[in-house]
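Remarks on the structure that follows.
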Amino acid sequence: MTTRVPTPDAPQPGTPGRGAEDVPAAAHRELGLTDFEYERITELLGREPNGVELAMFSLLWSEHCAYKHSRKLLGRLPTEGERVVMGPGENAGAVDVGGGHAVAFKVESHNHPSAVEPFQGAATGVGGILRDVFAIGARPIAVLDSLRFGELSSERSRYLFEGVVAGIGHYGNSIGVPTVGGEVYFEAPYEHNCLVNAMCVGLARSDEMIRSAAAGTGNVLVLFGASTGRDGIGGASVLASAELEAGDDAKRPTVQIGDPFEESKLLECSLELLASGLLVSLQDLGAAGLTSSAGEMASKGGVGVEIDVRRVPLREADMEPFEIMVSESQERMLAVVRPEDTDAVIALCEKWQTGVAAIGTVTDTGAMRILDDREEVGNVPVSALVDECPLYDLKPEKPDGWMYRNAETLSMHVALHAGRSADPEDPSAVLTALLGSPNVGSKRWAFEQYDSIVGSRTVRRPEAADAAVLLLGESERAIGVSIDGNGRRVACDPYAGAVEAVLECAQNLACAGAEPLGLTNCLNFGNPEKPAVAWQLDRAVSGLADACVALRVPVVGGNVSLYNETEHGSIYPTPVVGMIGELPDPERVPGVGPRAGDRLVLVGPFAPSLAGSELAKLRGELAEGLPETDVASVAAAIAFAREQVRSGRMSAAHDVSEGGLAAALAEMAIAADAGIEADLDPLVELRGCSGETALFGEGPGGIVLAVDPGDAEGLIGDARRARVDALALGSASGDRLEISAAEREASVPVAAAARAWHSLAERMHSA
Amino acid sequence: MIGVIQFPGSCDERDALQACERVGQARMVWHEETELDRIDGVVVPGGFSYGDYLRAGAIARFSPAMEAVARFAAAGGPVLGICNGFQVLCEAGLLPGALLPNTGLRFVCRQVAIVAEGSDSPFTAELGQGERLSVPVKHMTGRFFAADDELDRLEDAGQIAFRYAQGDNPNGSARDVAGVTNEAGNVLGLMPHPEHAVDPLTGSDDGLALFRAFERQPAAA
Amino acid sequence: MVKAKVLIRPKQGILDPQGKAVERALPALGFDGISNVRVGRLVELETDDPSALDSLCEKLLANPLIEDFEVELEEEALS
Amino acid sequence: MVKAKVLIRPKQGILDPQGKAVERALPALGFDGISNVRVGRLVELETDDPSALDSLCEKLLANPLIEDFEVELEEEALS
Ligand SMILES: Nc1ncnc2c1ncn2[C@@H]1O[C@H](COP(=O)(O)OP(=O)(O)O)[C@@H](O)[C@H]1O
Ligand SMILES: [Mg+2]
């Protein structure tokens with residue numbers, strides 16, 4: 001099956017909007033439906049669909065809306081837990097945080113729109129995920145972003161990165177929700193398919209949360225927010241289901257413009273409507289616009305709906321019924337309201353200067369009936385539209401060997417950061433080069449463009465700790481939040497890499513003393529109809545599921561973005577994991593920089609390996625395979641580290657990730673603006689690895705804690721009793737990084753390390 | 001009672017309210033309110049009033065509440081404009097100068113050091129000349145501009161309330177100006193956010209000094 | 001040297017949040033009878049090769065996905 | 001109804017970092033011989049009372065401290 005986006009010169013199915021006689025033959029193919037699917041629609045309707053109906057089906061039966069290649073897999077993820085308040089299926093998941101409050105959160109992709117227009121694509125991505133969260137009655141309190149671009153040496157990557165960061169900042173900053181964390185990776189396979197995932201966290205009173213199921217025959221459908229234009233007609237849904245190909249220009253007029261000011265009014269208005277008890281149910285309008293919102297609300301409530309498109313406030317006068325039904329204009333919400341409350345709802349919308357119109361009613365027919373004034377222009381069973389899209393089995397097949405290009409760039413990085421004459425085998429030069437690699441280095445250039453503090457909840461801003469920490473004043477607790485996923489490692493081993501994404505997230509939380517409550521994820525993959533991609537997807541979902549079970553973290557929501565590939569190949573398989581954890585005492589959250597004189601202790605089963613590491617990448621040595629991880633022992637180490645952090649005795653905590661232990665120690669030294677002396681021989685002995693591997697090898701299960709020298713023995717003793725490996729590595733002293741391992745030694749002034757680590761801004765401007 | 005003006009598109013109004021509540025009582029003032037009933041001090045908060053469309057602060061300054069604020073300020077009432085509030089007050093002519101896009105052309109959010117200049121304003125009464133405060137900035141349009149002779153005049157008149165510490169100017173402001181007052185000193189506008197510096201847990205509490213001014217200042221009108 | 005004015009405006013059909021916000025605010029400010037407000041950008045420059053301007057607009061000054069542009073040259077060449 | 005164009009530009013002497021950014025980007029894109037780039041705003045609207053436009057500009061559309069403006073009316077009245 002090949003899916004394709006309609007081009008302007010292709011027949012525009014549905015355009016007639018009146019009767020079936022106007023729909024060109026085989027229009028369904030142009031709209032991305034297979035012959036098989038079209039036949040199925042005809043069967044379900046007992047007739048051919050007309051233009052309006054076909055347009056609606058084509059969108060709701062797209063991968064983006066119907067999850068037709070991924071739904072079966074997602075069933076593997078554990079979704080139950082004591083603290084789960086809302087699980088997958090609602091606009092966002094939510095977990096109980098005590099005191100009558102719940103934290104809602106979700107991550108979503110806006111990859112293809114961002115590749116077309118980075119600023120608006122990213123901005124509207126943030127807008128969309130915010131709406132998902134306030135649609136369930138939660139006030140957004142934080143945004144995180146997870147970004148992937150091609151190598152920074154590519155001009156196009158820098159252009160996309162620049163635009164995406166500005167777009168996220170524009171939307172989040174203007175609406176007054178802090179962007180408190182995120183991650184960015186630069187890897188060649190994302191050159192033609194950048195990934196822009198945004199996560200939103202919201203806080204709600206549990207008794208004010210609302211679901212999206214429509215109910216109550218005779219109740220009114222109220223559309224409020226922005227007016228409806230031709231934005232993204234055939235946009236997000238179709239774009240998200242088709243490979244980007246040559247001839248993209250045709251899609252461009254479908255760029256959607258974000259209006260954060262409109263959204264901020266919409267947000268306040270929605271929350272005030274909910275607090276006033278005026279709504280029966282609420283749903284945002286996202287991909288496939290009114291069709292999917294109304295359809296899903298009706299499907300969940302087991303009811304029918306009737307919508308008169310002429311009552312929808314339009315931005316452009318001459319829109320066709322099908323255009324109104326599938327428009328993806330931003331900043332709109334759909335509510336079900338009791339007839340007697342309609343006036344009050346309209347009055348509140350007017351207070352917030354946001355548009356509002358009663359556009360239809362809830363019926364008991366089980367059908368979605370579309371009227372154009374009084375004339376019926378569409379009438380389909382809700383269940384056919386929303387629930388009966390065929391689901392496909394994947395045909396996974398392990399590829400033989402490494403499917404990605406990976407160029408050797410270590411000497412370039414050494415030349416750039418350690419000097420022209422430096423030796424690319426010398427550990428000092430390697431460390432400096434790794435710190436200067438944009439995957440390892442500070443992302444300050446990006447996160448300084450985000451307001452990370454509005455809302456007065458941010459106890460730990462980006463880079464101040466491994467997880468962002470937010471106060472929940474209302475519930476006397478704090479939460480830690482993190483988002484992670486290293487696609488390169490998932491490419492090496494989809495199962496192990498996905499496990500690691502979950503572990504990395506939990507490790508970051510542990511460094512802040514936070515215990516995971518729930519997880520959300522976004523599965524960014526290539527074309528699932530290709531056996532190798534199907535295999536990646538299959539393995540990665542199993543990895544996520546097993547890691548969640550081992551850590552006992554329920555998955556409360558997520559999003560799938562498939563077909564991230566072009567004729568240049570597929571992206572790295574990239575499951576992105578977002579996690580929320582709770583912590584009792586935000587005063588005790590340590591930073592990343594140790595106090596002078598403190599001992600540094602590595603805890604956990606961390607067994608460094610160069611496989612899939614940043615160093616392997618820079619040397620052009622990427623290949624299949626990652627070492628197996630004993631998830632249970634990592635889980636034990638995570639729990640141990642968390643308790644140690646909660647004791648308040650740690651002056652710093654930082655987990656080992658990209659660039660290995662040497663990079664982790666360097667980051668700690670840079671944060672403290674002071675030196676670190678460490679001897680990694682105990683690690684070399686325990687794991688039987690080489691000095692170089694101890695320095696730069698990567699893998700899960702390593703957390704460095706800094707304690708007062710007087711407490712170090714106690715910490716190591718506690719670890720032994722908890723059966724967690726703990727190795728004293730050295731201490732914070734001097735003004736250099738002196739890290740030795742077996743015969744190798746890296747010795748770099750902290751100032752030089754910091755220069756390399758902070759080189760992103762410079763590389764954005766020059767190069 | 002301190003009033004915090006709330007426009008459509010305000011972002012930091014809740015933060016400002018909470019900061020005020022640390023020193024006294026406060027309430028929101030909706031932008032359509034025409035009278036500042038029983039209000040003894042006003043905060044015009046940060047954010048993106050009316051989306052900052054057209055020009056930061058350009059639309060908000062026409063709101064009924066801002067007309068009331070103008071009368072309140074003319075009668076000597078204390079008015080604190082923070083970030084977008086500073087922009088609104090400049091647009092309204094209650095403060096000298098104007099705010100232009102940062103020379104870096106990007107939004108910038110970071111903790112900076114600002115220095116009190118010993119101005120003659122109730123808001124800085126607690127601060128000695130040269131006292132440094134650690135306060136965050138977060139804005140896209142924070143480059144203070146006034147013509148050179150106007151800047152001279154402001155300096156002579158003691159209307160420069162705060163400057164960015166050496167090397168900490170985040171936006172290219174003329175002469176490192178971070179905050180200015182009106183001639184009478186009862187209206188202060190600044191780009192840094194003192195309401196985000198009221199608790200060491202979230203960064204610093206150096207900003208509290210500005211809010212305490214409201215408590216010392218007796219009601220104006 | 002020719003002076004040129006480039007007028008850049010949101011494409012027809014593309015949402016213009018600024019124009020909308022201004023239009024909505026006007027009546028409250030006491031300005032009536034104003035409609036169809038669109039807010040765009042104005043770039044003025046001097047060039048010795050006006051023929052390159054279209055390409056400049058497409059590549060740098062305007063975003064052709066969402067904006068239209070129009071170049072106006074000032075009649076009197078400057079030098 | 002009269003169509004009007006309002007051109008708003010940064011006052012001479014005020015640093016225009018956007019204009020400077022455009023100038024800096026030019027050589028890399030292969031554009032030479034372009035100078036004095038200034039970036040301003042363009043507001044287009046329809047009004048039934050063009051005589052009120054100056055006041056609208058002074059009060060709202062431009063800030064006279066930092067910006068100059070110019071109003072262009074389209075000759076043909078629309079209705
Ligand atoms: N795109 C981004 N937006 C906001 N913060 C970011 C972004 N990228 C990185 N950060 C912040 O920088 C810090 C380091 O990120 P990262 O290296 O990914 O940490 P870790 O490896 O511990 O997950 C974190 O505080 C993270 O939230
Ligand atoms: Mg990391």
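Numbered from 1 within each chain, the chains take letters A, B, ... in sequence-line order.
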Kindly give the heavy-atom pair with the smallest separation between [X] and [Y], and that separation in Å.
X      : Y      : value
B/F107 : A/D451 : CE2-N, 3.7 Å
A/I453 : B/K138 : CG1-CD, 3.7 Å
A/K351 : B/W30  : O-CZ2, 3.7 Å

Shorter than 4.5 Å, heavy atoms on both sides: which option in [options] has the most such pairs with chain A?
options               : answer
B/P136, B/G51, B/G104 : B/G51
B/G9, B/P200, B/C109  : B/C109
B/N84, B/V198, B/V108 : B/V108

Between the OG1 atom in B/T202 and the CZ atom in A/R460, the distance rounded to the nearest 0.5 Å is 10.5 Å
Take atom CG of A/D673 as the centre, draw a 6.0 Å sphere, and report whether it contains more than 12 heavy atoms from other residues, nucleotides or ligands.
-> no
Given a strict heavy-atom distance threshold of 4.5 Å, which part of [X] is in contact with chain B: side chain, backbone, both, or neither?
X      : answer
A/S456 : both
A/T458 : backbone
A/L471 : side chain
A/Q449 : both

CA sep, side-chain torsions, deciding dist, call: A/H170, B/F48, side chain to side chain contact (heavy atoms under 4.5 Å, CB included) | CA-CA 10 Å; A/H170 167 66; B/F48 289 77; over 6 Å; no
Which one, [options], leads in non-hydrogen pairs under 4.5 Å with chain B?
options                        : answer
A/N173, A/V459, A/V469, A/I175 : A/N173
A/S264, A/S174, A/G176         : A/S174
A/K265, A/E587, A/R444         : A/E587

Geometric class of the B/Y50/A/F261 ring pair [parallel <30°, tilted 30-60°, perpendicular >60°] | tilted
Is it true that B/R14 and A/E268 make a salt bridge, defined as a side-chain N closer than 4.0 Å to a carboxylate O?
-> yes
